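First up is the structure itself, then whatever we jot down about it.
Note on naming: letters A, B, ... go to the chains in the order of the sequence lines (proteins, then strands), and numbering restarts at 1 for each one. Bear in mind that the values here come from a model prediction, so they are computed numbers and not experimental data.
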2 protein chains.
Amino acid sequence: MAQSQPIDKRTLILDAAIKVFAKNGYHRSRVSDIAEEAGIAYGLVYHYFKNKEEVLSSIFRERWSAFLDVIRLYREAPITTREKFTSICFYLLNSYNLRPELMEVLILEIARSSKFLQDSHIEEFNEAFRLLEGMIRDGQACGDLRADVDPSLSAYSFLGAIELILTGYVLNTLKARDVKTYQKVAETVVDVFIDGLGKR
Amino acid sequence: MAQSQPIDKRTLILDAAIKVFAKNGYHRSRVSDIAEEAGIAYGLVYHYFKNKEEVLSSIFRERWSAFLDVIRLYREAPITTREKFTSICFYLLNSYNLRPELMEVLILEIARSSKFLQDSHIEEFNEAFRLLEGMIRDGQACGDLRADVDPSLSAYSFLGAIELILTGYVLNTLKARDVKTYQKVAETVVDVFIDGLGKR
DNA sequence: CCGGCTCGATTGACAATCCAGTCAACACTC
DNA sequence: GAGTGTTGACTGGATTGTCAATCGAGCCGG
């Protein structure tokens with residue numbers, strides 16, 4: 001049964017796909033490139049995945065849910081509202097540090113292909129906003145955050161800021177450096193988000 | 001000479017391409033789809049553009065430069081710093097209102113393509129950030145904005161917020177409505193950006 | 001222990017499909 | 001007639017997905 005199957009080849013293919021997609025983009029990557037990168041025969045990809053699209057889908061589904069779990073974790077954590085946002089921001093930035101290729105695929109390929117992939121992806125994508133929105137409502141309820149701002153727009157603003165910074169790293173218009181820098185960037189982003197850029 | 005050529009067919013093709021790309025995505029759109037949408041023969045696209053890629057490039061080059069002009073305009077305008085950001089934000093949101101398909105192509109296709117196309121648009125893409133960064137420095141210099149925040153990160157945060165909200169409209173995870181709503185959304189985004197979400 | 005069998009994993013050549021780009025021929029205008 | 005604009009059938013290349021054949025591991029019986 002598929003469930004009890006050793007998972008090595010499947011993961012091997014996914015990891016190879018992440019590399020290949022990051023290097024060439026999804027549309028310029030062939031299934032044969034993935035097979036080659038994985039060191040397996042071409043047809044074996046189809047043994048594990050229905051088609052090329054399902055490879056990309058699986059990358060998204062499995063990795064995005066990890067991100068959702070992180071938001072949930074920090075949302076429940078006994079830390080300040082500011083620390084929650086900072087931690088999530090840092091997690092995403094540091095994910096680029098640890099897995100640049102994966103983040104590239106997520107940012108460049110999946111986020112922008114969502115409209116054309118199966119509908120279920122939009123729902124999963126949207127779950128992140130709902131969780132962040134919930135976190136903002138939490139912050140509003142406990143008095144940390146203003147109650148007169150739409151939580152939904154705020155969630156989009158927050159995640160959008162991070163996403164475009166990550167895009168900047170991917171496109172090399174921003175210089176990515178080391179963990180300390182990412183921590184500082186996360187603090188800056190959250191600083192602007194919570195305290196604002198305006199002079200007091 | 002190309003310069004003195006009637007521009008109708010070329011613009012016709014670009015407009016058709018915007019529709020087709022928005023509907024199917026660049027990679028799932030064929031040159032023949034564009035030709036059909038434009039009501040011309042297939043080969044004529046190649047009379048006006050080198051290849052499919054150049055169609056997309058031209059859409060970006062010509063429309064992005066219009067956006068850059070708008071930033072420049074508002075940057076020089078005799079209005080407050082807050083009004084400048086609000087106006088730019090509103091311009092982008094309202095562009096979605098006026099030209100949803102074009103904004104879709106810009107948001108979903110261009111950034112993704114930038115890394116992989118021969119004719120890289122990264123420099124042009126980056127110009128928007130430089131202009132916004134300049135505007136933030138202006139605001140810092142005149143005392144409207146904090147001097148202790150990286151203007152580059154702030155520019156990315158600002159534009160990222162807008163970009164993801166627009167993506168939300170495109171993917172229908174956010175409901176786009178009318179001009180009044182866009183004005184309010186612009187004000188909210190800039191409100192959070194300048195005043196912060198934190199309770200004072 | 002060994003050999004045979006079964007079944008799942010693996011292989012990669014190949015057929016079918018798709019689509020970008022070409023270009024000779026035609027149409028139109030001055 | 002010359003020059004520019006337009007046409008769309010066709011070619012060739014690229015790629016996906018298929019599938020028959022092979023391989024390898026594990027099990028069972030002698």
Value in whole Å for how far the [atom2] atom of [N] lies from [atom1] of [X]:
| X | N | atom1 | atom2 | answer |
| --- | --- | --- | --- | --- |
| Phe49(B) | dG5(D) | CZ | C1' | 15 Å |
| His27(B) | dA20(C) | NE2 | P | 11 Å |
| Asp33(B) | dC18(C) | CG | P | 13 Å |
| Glu36(B) | dG8(D) | CD | C1' | 13 Å |
| Arg10(A) | dT10(C) | CZ | P | 14 Å |
| Ile40(A) | dT22(D) | CD1 | P | 21 Å |

Subject >> Non-neighbouring partners of Arg72(A) that pass salt bridge (charged side-chain N to carboxylate O under 4.0 Å, His left out), sequence neighbours left out >> reply: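 Partners of Arg72(A) by the salt bridge (charged side-chain N to carboxylate O under 4.0 Å, His left out) criterion, ordered by chain and then number, come out as Asp69(A), Glu127(A).
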**OP:** Check salt bridge (charged side-chain N to carboxylate O under 4.0 Å, His left out) between Asp148(B) and all other residues, then give those that pass, not counting sequence neighbours.
**Re:**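 Once residues adjacent in sequence are excluded, the partners of Asp148(B) under the salt bridge (charged side-chain N to carboxylate O under 4.0 Å, His left out) criterion are Arg146(B).
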Quick one: ring-ring contact (aromatic ring centres under 6.0 Å, His included) partners of [X], sequence neighbours excluded?
| X | result |
| --- | --- |
| Tyr169(A) | Tyr96(A), Tyr182(A) |
| Phe193(A) | Phe85(A), Phe158(A) |
| Phe129(A) | Phe125(A), Tyr156(A) |
| Tyr74(A) | none |

Original post:
Would you call Glu62(A) and Arg10(A) a salt bridge, using N to O less than 4.0 angstrom?
Top reply: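 Yes, Glu62(A) and Arg10(A) are salt-bridged.
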Original post:
Should Glu53(B) and Arg28(A) count as an ion pair when the cut-off is N to O under 4.0 Å?
Top reply: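 Counted as a salt bridge, because a side-chain N and a carboxylate O are separated by less than 4.0 Å.
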Verify the contact: side-chain N or O of [X] to OP1 or OP2 of [N], cut-off strictly under 4.0 Å; return yes or no.
| X | N | result |
| --- | --- | --- |
| Tyr48(B) | dG5(D) | no |
| Lys9(A) | dT10(C) | yes |
| His47(A) | dA9(C) | yes |

**OP:** Could you encode protein contacts along nucleotides 13-18 of chain D as a string, one character per nucleotide from 5' to 3', using B for base contact, S for sugar-phosphate-only contact and - for no contact, with a heavy-atom cut-off of under 4.0 Å?
**Re:** --SBBB
**OP:** Produce a footprint string for nucleotides 24-30 of chain C: one letter per nucleotide, 5' end first; B if the base is under 4.0 Å from any protein heavy atom, S if only the sugar-phosphate is, - if neither.
**Re:** -------
Original post:
What residues form a side-chain hydrogen bond (donor to acceptor under 3.5 Å, both in side chains) with Thr80(A), not counting sequence neighbours?
Top reply: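 Testing Thr80(A) for side-chain hydrogen bond (donor to acceptor under 3.5 Å, both in side chains), a comparison that skips the adjacent residues, returns Glu83(A).
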